[in-house]
Asks: 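I have a structure here, written as structure tokens, and I will follow up with some questions on it.
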Amino acid sequence: MARSTSLSGFAEWLPAERLVELHMLDTLREVFERHGFSSLESRAVETLETLLQKGEVDKEIYAVSRLQEELAEDAAPKKDGRLALRFDNTVPFARYVVENAGHLNFPFRRHQIQKVWRGERPQDGRYREFTQADIDVVGDGELPFRADVEIAVVIAQALDSMPIGEFHLRINNRKLAQGFYTALGLEDTTAVLRGIDKLEKIGPERVAEDLKTTAGATDEQARKALALAQIRTEDTSFVDQVRALTEGLTGDTALLEEGLAELEELIAEVGKRVPGRAVADLSIARGLDYYTGTVYETVLVGHENLGSICSGGRYESLASKGRRTFPGVGISIGVTRLVARVLSSEMATATRSVPAAVYVALRTEEDWGAAQDVADQLRSRGINAEVALKAEKFGRQIRHADRRGIPFVWFTDEEGNHEVKDIRSGEQTAADPATWTPADDDMLPRIVESV
RNA sequence: GUGGGUGUAGCUCAGCUGGUAGAGCAUCGCGUUGUGGUCGCGAGGGUCGCGGGUUCAAGCCCCGUCACUCACCCCA
């Protein structure tokens, strides 16, 4: 069902596919708002400097310019104030928080479901234009760790209510990992993290090699770092496993203990509130370097090749304004990636491709006004109706409705008697436009999950 | 950006050693003249991605180019 598009990396859906996407977007908004996250939309463009600040990640950014300005002969190339499309929702949000700090109440929680753009090479599940659904909680100066727990709970519930089958929220804590490396005597903890991040892709042998060359690890240090990364539990038993590994370590373990306590609390709470979804997975590192504590990543069971469909984490300094800093914790769902996979593997489909429940047939060209009156009577009672544009043979009009999945065709004869035909059973009965109502299941297109 | 694969009808794809461009599905029409789906018969639909070269002759061979796609990098 999901087709490739003429412009690679820019997904455009057919009507029935769009309904699946809409359903997922609606569900996300509903769940987010149920947990008190306000909706927010930020502008599509940011200044280039804003986008380039964060973490110095070399994102593929689309710049935006005015054609007239470019064409002007004497236009000196301006560097400052150049505009570019946002590549995620976190950076614009950070800018928004700083700009509006005086009007917001902290801790501030918001959701933001918007398109973002990246000029990367498109691939299966990778788009140049795609929708991200973010939730973040941001504090003024400090933000209780509980927010990390809540983010995981909300996102697990949101994913739970979408037609995507089983998923695993894989959670780690950077304090734990970095604290462990420090205790081990490894100085360059970011290099170690980067190496560990490749574990799933290139395997333990090559990671060990990598750790020795790029992070200056000894055989024993590499072995222990890998052993830590291989810990994965659905309950808090990882704590004992980590402790077994740290026995006899002489370095400073304060940071390690802090991370361990945080992850333990998180796994315990999420396990209680949304059972079976969260796993402590000590191999999760995340590429971005601004995460400072909890890190989240999510895989669809059976679709591991798709990569993460949802990830995020805690950052001690989302933004700063003078001496104020705003710590935050957030997570983002790759909606387009998810929708594409739901469509291509037919995890969910729409019951029909159009909103209309009733197709009002036209007996003669002169009857159009009367047919619209019938349709209006239905519409005023919340029943979506469409009137035929031409008085074609009834067979054609029925076929037109059939092809779009419209379940009912309405007929009015020359005496003004009304009949409605259920296109699936072929049954046709007398009906009153003022009172007739379709079955609940036929009112609107529904999204059905195929198991 | 680097490397591999693929470009033929709306879709999925055949096309032999270079010799007049095909099938299935879809669409449209008729059978059934204003109540669809099934069935039968028929019809329309092509810059063979684009440009050049070799040849009497190119969808096929050669060169270039573009697009799509997969992998790497990075990531939702």
Side-chain angles (χ1 to χ4, degrees), chain A residues 1-11 14 24 28 55-61 86-90 112-135 155 159 164 167 194 197-198 200-202 284-289 291 295-300 303 305-313 330-342 359 361-365 367 388 390-414 419-429:
Chain A
M1 201 180 187
R3 309 146 312 127
S4 55
T5 48
S6 54
L7 246 190
S8 169
F10 294 82
L14 289 169
M24 291 169 69
L28 289 174
E56 290 171 43
V57 193
D58 56 327
K59 301 272 188 201
E60 283 279 359
I61 295 176
R86 58 167 177 258
F87 56 80
D88 73 5
N89 290 330
T90 308
Q112 202 168 330
I113 305 175
Q114 307 184 141
K115 288 273 171 65
V116 304
W117 297 267
R118 292 181 194 174
E120 299 167 337
R121 258 269 205 287
Q123 266 174 53
D124 185 25
R126 308 186 56 183
Y127 294 85
R128 285 172 156 162
E129 176 183 73
F130 58 99
T131 302
Q132 285 197 324
D134 283 49
I135 47 172
I155 215 71
L159 292 171
I164 57 172
F167 61 88
R194 209 169 297 142
D197 197 31
K198 298 182 198 154
E200 276 195 346
K201 200 156 269 181
I202 65 176
I284 299 302
R286 306 293 312 142
L288 300 171
D289 48 8
Y291 293 124
V295 283
Y296 315 93
E297 203 167 290
T298 317
V299 287
L300 276 194
H303 299 270
N305 66 334
L306 189 59
S308 178
I309 50 142
C310 166
S311 57
I331 195 162
S332 171
I333 299 181
V335 179
T336 306
R337 171 176 287 185
L338 248 190
V339 170
R341 184 52 66 100
V342 165
Y359 189 77
L362 220 47
R363 197 173 47 81
T364 70
E365 296 295 341
D367 286 330
K390 279 174 68 184
E392 292 184 289
K393 292 196 283 189
F394 284 151
R396 286 176 178 288
Q397 299 191 52
I398 292 170
R399 192 171 69 184
H400 181 90
D402 190 28
R403 292 209 174 142
R404 285 159 182 73
I406 303 175
F408 297 99
V409 180
W410 194 280
F411 296 100
T412 307
D413 67 18
E414 52 265 63
E419 288 194 342
V420 67
K421 179 191 189 80
D422 184 326
I423 224 167
R424 295 151 301 189
S425 63
E427 193 186 342
Q428 188 166 328
T429 52

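Chain letters run A, B, ... following the sequence lines, proteins first and then strands; every chain starts at 1. Note that the structure is predicted; figures quoted are calculated from it, not measured. Heavy-atom basis, side chains included; hydrogens, waters and symmetry copies ignored.
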Asks: Within the modelled atom types, does a donor on one side and an acceptor on the other bring the side chain of A:Arg121 and the base of B:rC75 under 3.5 Å apart?
Replies: no
Asks: Given atom CG of A:Asp124 and atom P of B:rC74, what is their separation to the nearest angstrom?
Replies: 19 Å
Asks: Determine the interatomic distance between P on B:rG15 and the same-named atom on B:rC75; round to the nearest Å.
Replies: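 Pairwise P distance, B:rG15 against B:rC75, rounds to 43 Å.
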Asks: B:rU55 and B:rG1: how far apart are their P atoms, nearest whole angstrom?
Replies: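 To the nearest whole Å, 36 Å.
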Asks: Is A:Arg128 touching bases, backbone alone, or none of the nucleic acid, heavy atoms closer than 4.0 Å?
Replies: nothing
Asks: Tell me what A:Ile333 touches on the nucleic acid: a base, only sugar-phosphate, or nothing, going by heavy atoms under 4.0 Å.
Replies: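 Here A:Ile333 touches no strand at all.
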Asks: Between A:Glu129 (CD) and B:rA76 (P), how many Å, whole number?
Replies: 18 Å
Asks: Donor-acceptor check, side chain of A:Glu129 to backbone of A:Lys115, threshold 3.5 angstrom: yes or no?
Replies: no
Asks: Could you tell me whether a side-chain N or O of A:Ser308 sits under 3.5 Å from a main-chain N or O of A:Thr298, the two making a donor and an acceptor?
Replies: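 Yes, the answer is positive, given that a donor and an acceptor are paired below the 3.5 Å cut-off.
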Asks: Taking atom C1' of B:rU32 as reference, at what distance in whole Å does atom CZ of A:Arg399 sit?
Replies: 13 Å
Asks: For a quick test of reading the model: is some side-chain N or O of A:Thr336 closer than 4.0 Å to OP1 or OP2 of B:rA76?
Replies: no
Asks: Kindly say whether A:Gly9 contributes a backbone atom to a donor-acceptor pair with the side chain of A:Arg126 at under 3.5 angstrom?
Replies: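 The answer is no, because no donor-acceptor pair under 3.5 Å joins these two groups.
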Asks: How far does the C1' atom of B:rG53 sit from the matching atom of B:rA58, given to the nearest Å?
Replies: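 Per the computed distance, 11 Å lies between those C1' atoms.
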Asks: Check for me: is A:Phe130 stacked on B:rA76 by the 5.5 Å centroid and 30° plane-angle rule?
Replies: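 Yes, aromatic ring over the base.
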Asks: Within the distance-only criterion (no hydrogens, no angle test), does the side chain of A:Glu120 pair as donor or acceptor with the backbone N or O of A:Glu60 below 3.5 angstrom?
Replies: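 Here the side-chain-to-backbone pair does not exist.
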Asks: I'd like to know if A:Asp88 pairs up with A:Arg118 as an ion pair, taking the criterion as any Lys NZ or Arg NE/NH1/NH2 lying under 4.0 Å from an Asp or Glu carboxylate oxygen.
Replies: no
Asks: Look at the side chain of A:Arg337 and the backbone N and O of A:Gly125, then say whether any donor-acceptor pair between them is shorter than 3.5 Å.
Replies: yes
Asks: Using whole Å, report how far CD1 of A:Ile406 lies from P of B:rG36.
Replies: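 Atom CD1 in A:Ile406 sits about 17 Å away from atom P in B:rG36.
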Asks: Quick one: A:Arg396 CZ to B:rG29 P, roughly how many Å, whole number?
Replies: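 A:Arg396 atom CZ is separated from B:rG29 atom P by 4 Å.
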Asks: What's the gap between B:rG4 and B:rU65 when it is taken at their P atoms, as a whole Å value?
Replies: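 Nearest-Å result for B:rG4 against B:rU65 at atom P: 13 Å.
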Asks: Indicate, with a heavy-atom threshold strictly under 4.0 Å, whether A:Gly426 touches base, sugar-phosphate, or nothing.
Replies: base
Asks: Please state whether the phosphate of B:rC75, meaning OP1 or OP2, lies under 4.0 angstrom from any side-chain nitrogen or oxygen of A:Ser308.
Replies: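 So the side-chain polar atoms of A:Ser308 never come under 4.0 Å of the phosphate oxygens OP1 or OP2 of B:rC75.
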Asks: A:Ile398 has a side chain; which of B:rC70, B:rG36, B:rC68 sits nearest to it?
Replies: B:rG36
Asks: From A:Ile164 CD1 over to A:Cys310 SG, what is the distance, rounded to the nearest 0.5 angstrom?
Replies: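 Between atom CD1 of A:Ile164 and atom SG of A:Cys310 there are 8.5 Å.
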Asks: Which value, in whole Å, describes the distance between the P atoms of nucleotides B:rC11 and B:rU27?
Replies: 15 Å
Asks: To the nearest 0.5 Å, how far apart are CZ in A:Arg128 and CZ in A:Phe10?
Replies: 6.0 Å
Asks: Roughly, in whole Å, what's the span from CD in A:Glu392 to C1' in B:rU35?
Replies: 13 Å
Asks: Between B:rC62 and B:rU6, how far apart are the two P atoms, rounded to whole Å?
Replies: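 13 Å, rounded to whole Å.
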Asks: Within the side chain of A:Thr336, is there an N or O that forms a donor-acceptor pair under 3.5 Å with the backbone of A:Thr131?
Replies: yes
Asks: Rounded to whole angstrom, note down the P distance from B:rG59 over to B:rG22.
Replies: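 The answer is 13 Å between these two P atoms.
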Asks: On the side chain of A:Arg126, is there an atom forming a donor-acceptor pair with the base of B:rC74 - under 3.5 Å, no angle test?
Replies: yes
Asks: I'd like to know if A:Gln428 reaches the base of B:rU35 with its side chain such that a donor and an acceptor end up less than 3.5 angstrom apart.
Replies: yes
Asks: When rounded to the nearest Å, what value does the distance between P atoms of B:rU8 and B:rA14 take?
Replies: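 Straight-line distance between the two P atoms is 10 Å.
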Asks: Please report, rounded to the nearest Å, how far the P atom of B:rC75 is from the CG atom of A:Asp197.
Replies: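 Nearest whole value for this atom pair: 7 Å.
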Asks: Once pairs are restricted to Watson-Crick or G-U wobble with both distances under 3.5 Å, how does RNA chain B read as a dot-bracket string, [ ] for crossings and | for other-strand pairs?
Replies: (((((((..((((.....[..)))).(((((.......))))).....(((((..]....))))))))))))....
Asks: So what does A:Ile423 touch, heavy atoms closer than 4.0 Å: a base, only the sugar-phosphate, or nothing?
Replies: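 Base, at least one base heavy atom under 4.0 Å.
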Asks: Heavy atoms under 4.0 Å, any strand shown: does A:Leu362 hit a base, just sugar-phosphate, or nothing?
Replies: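 Base contact.
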Asks: Please tell me which of A:Thr298 and A:Glu427 maps to the more 5' nucleotide of RNA chain B, matching each residue to the nucleotide holding its nearest heavy atom.
Replies: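 It is A:Glu427, whose closest nucleotide lies nearer the 5' terminus.
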Asks: Check every strand shown and say whether A:Arg403 touches a base, only sugar-phosphate, or nothing at a heavy-atom separation below 4.0 Å.
Replies: sugar-phosphate
Asks: To the nearest angstrom, how far is A:Leu306 atom CG from B:rA71 atom P?
Replies: 11 Å
Asks: Counting only side-chain N and O atoms of A:Gln123, is one of them less than 4.0 Å from OP1 or OP2 of B:rU69?
Replies: no
Asks: Just verifying a value: how many Å separate A:Phe408 CZ and A:Glu419 CD, rounded to the nearest 0.5 Å?
Replies: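 That separation rounds to 14.0 Å.
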